[in-house]
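Please read the structure below before turning to the comments.
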Protein chains: 2
Amino acid sequence: MIEEIPDIVISRLPIYLRELTRLAEEEGKLTTSSHELGKHLGISSAQIRKDLSHFGEFGKQGTGYHINYLVQQLRQILHLTREWNVAVIGAGYLGHALTHYKAFLDQGFHITAIFDNDPAKIGEQLDDIVVQDMADLEKTITELNIKMAILVVPANVAQEITDRLVDAGVRAILSYAPIYLKVPPDIQVSYSDPVVQMQRMTYYLA
Amino acid sequence: MIEEIPDIVISRLPIYLRELTRLAEEEGKLTTSSHELGKHLGISSAQIRKDLSHFGEFGKQGTGYHINYLVQQLRQILHLTREWNVAVIGAGYLGHALTHYKAFLDQGFHITAIFDNDPAKIGEQLDDIVVQDMADLEKTITELNIKMAILVVPANVAQEITDRLVDAGVRAILSYAPIYLKVPPDIQVSYSDPVVQMQRMTYYLA
DNA sequence: CTACAATTGTGAAAACTTACACGAATCAAC
DNA sequence: GTTGATTCGTGTAAGTTTTCACAATTGTAG
Ligand SMILES: NC(=O)c1ccc[n+]([C@@H]2O[C@H](COP(=O)([O-])OP(=O)(O)OC[C@H]3O[C@@H](n4cnc5c(N)ncnc54)[C@H](O)[C@@H]3O)[C@@H](O)[C@H]2O)c1
Ligand SMILES: NC(=O)c1ccc[n+]([C@@H]2O[C@H](COP(=O)([O-])OP(=O)(O)OC[C@H]3O[C@@H](n4cnc5c(N)ncnc54)[C@H](O)[C@@H]3O)[C@@H](O)[C@H]2O)c1
């Protein structure tokens, strides 16, 4: 009775959520259909219906989906009805950009700690928090019950810091370091490497 | 005789390239095997061999792959043997971080133009280039033969700027704006949205 | 009340992707 | 030379994901 839901399905849910929110807020829509949603996202309507059907029956034949209701359901599925404390590791260019990024807070991700090992950066005020010494990493992560981290340190220290994060109780890491991270199987990792993305695209540029 | 190579294969090639380069530079290796490469990347050796076999026979039984040779081949396949001029649109936090990011230059991506529409930012020196007015977008893109752009503007202007980029001749866009972009079918788009990535991971955090 | 258009949820088919497993090649050791 | 350990490239099987297509339901218009 335990249905294992494919990760590829899970990874589309935040996209649906994002577009549904936009449809409601910016276009003032109250309902939508799988066809309309798909057209806005370049995804087939059948795919959207199939994806959602893994979790329940959220729509009505003839009518479509009530946006607010579906948003609420998706947020529940993705565990977004609570707030998440997040640590940023690395107070460099990218660490600054991410810490200032308002969309995190809007979606319930609170960046409650930033760490660096550069004495020149430790103590720096960044928005409403202060850059902490890496020496305090484990202590702060435990105290603030931080389960998610964003890794924005150089590649050559990314693995060792990952190990420390995992040992300290972090369960999900979004890494911008251009290196594959080895973690235990129950730890989530997500990567972002613009160079890799650019290199994929150049293939198609004759 | 025209073999269509799956995009999912293409998207792994930059990852192989990245790790091969690392193996050569940091571990001083001259050769490697599909098994070793796979172990470093969490990918099966069969997958790596199958992927590479789409393009030719680059390895030797019993020995594996000569790293330098394979790197050279991958760079050719991905059209990385030439240099690419890149425009950054939006001189905000993220635009600054990306423009300073040295890895682009290392890989042959030259950020040769940055644009913004904020008078306070136009004229600002950013590394060795100057932030230009959006009014000059089409002219500069044409003159510098720019085919790739990185989009780091607010979501509500992302589509209209995309349309201008495409009209000006840009063929590939890496977008950080949290919105799906409508483009003609021959235009490449790649997205990066940390909120979406975080929301995927929270699903797995009970 | 009926006819019609819109739309869902879903079983089955099709398409795509990954994993398996093996012949053939290579090299080192003896 | 022969043996044994490696490793590739690939045909085939297995597994995953997407698409198709349709019965069932809903709302609207006459
Ligand atoms: N800048 C970009 O646009 C960009 C884009 C994608 C990925 N990246 C990657 O993200 C990471 C950070 O990039 P950045 O541009 O912010 O670099 P950066 O050099 O500006 O910042 C890195 C920060 O990490 C800190 N640091 C170094 N070693 C540390 C350690 N052992 N413990 C704690 N902190 C440490 C440094 O003091 C610095 O503040 C790099 O891996 C980079 O490859 C950067
Ligand atoms: N900051 C982050 O860490 C982060 C991460 C992921 C995605 N994003 C997304 O990337 C984009 C940029 O983020 P940011 O934090 O750099 O924002 P920002 O506000 O710092 O920068 C946006 C820049 O775009 C410029 N701009 C606005 N309208 C413009 C127009 N019509 N033409 C040209 N330029 C225009 C602004 O003047 C500003 O300089 C946003 O879409 C954001 O959602 C940001």
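So that the names make sense, note that chain A is the first sequence line, chain B the second, and so on, each numbered from 1.
Whole-Å rounding puts the B:H35 NE2 to C:dA19 C1' distance at 15 Å. Atoms CD (B:E36) and C1' (D:dA5) sit 17 Å apart, rounded to a whole Å. One interatomic measurement links the two molecules: CG of B:L52 to P of C:dT18, which rounds to 14 Å at whole-angstrom precision. Between the NE2 atom of B:H54 and the P atom of D:dG11 there is a distance of 11 Å, rounded to whole Å. Across the protein-nucleic acid pair, A:Q47 atom CD and D:dC20 atom P stand 11 Å apart, rounded to whole Å. Computed from coordinates, the B:D51 CG to D:dT10 P distance equals 13 Å when rounded to whole Å. If you measure from atom CD1 of B:I48 to atom P of D:dT6, you get 19 Å, rounded to the nearest angstrom. Atom P of nucleotide C:dT7 and atom NZ of A:K60 are separated by 15 Å, given to the nearest angstrom.
Under the 30°/60° scheme for interplanar angles, the aromatic rings of A:Y93 and B:H100 are found to lie parallel.
Between B:I179 and B:L181 the shortest side-chain heavy-atom distance falls below 4.5 Å.
Residue B:Y65 places none of its side-chain N or O atoms closer than 4.0 Å to OP1 or OP2 of D:dT6. In terms of phosphate contacts, B:S44 brings a side-chain nitrogen or oxygen within less than 4.0 Å of OP1 or OP2 of C:dA19. Taking 4.0 angstrom as the limit, A:Q61 places none of its side-chain polar atoms (N or O) nearer than this to OP1 or OP2 of D:dA24.
Among D:dC8, C:dT17, D:dT10, the nucleotide with an atom closest to any side-chain atom of B:S33 is D:dC8. Of all nucleotides listed (C:dT10, C:dA21, D:dT26), C:dA21 comes nearest to the side chain of B:R49. Residue B:E57 places its side chain closer to D:dT10 than to any other of D:dC8, D:dT10, C:dT26. Nearest nucleotide to the A:A46 side chain, out of D:dC20, D:dT18, C:dA19: D:dC20.
In terms of polar N and O atoms assigned as donor or acceptor, the side chain of A:K50 comes within less than 3.5 Å of the base of C:dG11 in a complementary pairing.
As judged by a 4.0 angstrom heavy-atom cut-off over every strand, B:S34 is placed among residues touching the sugar-phosphate backbone only.
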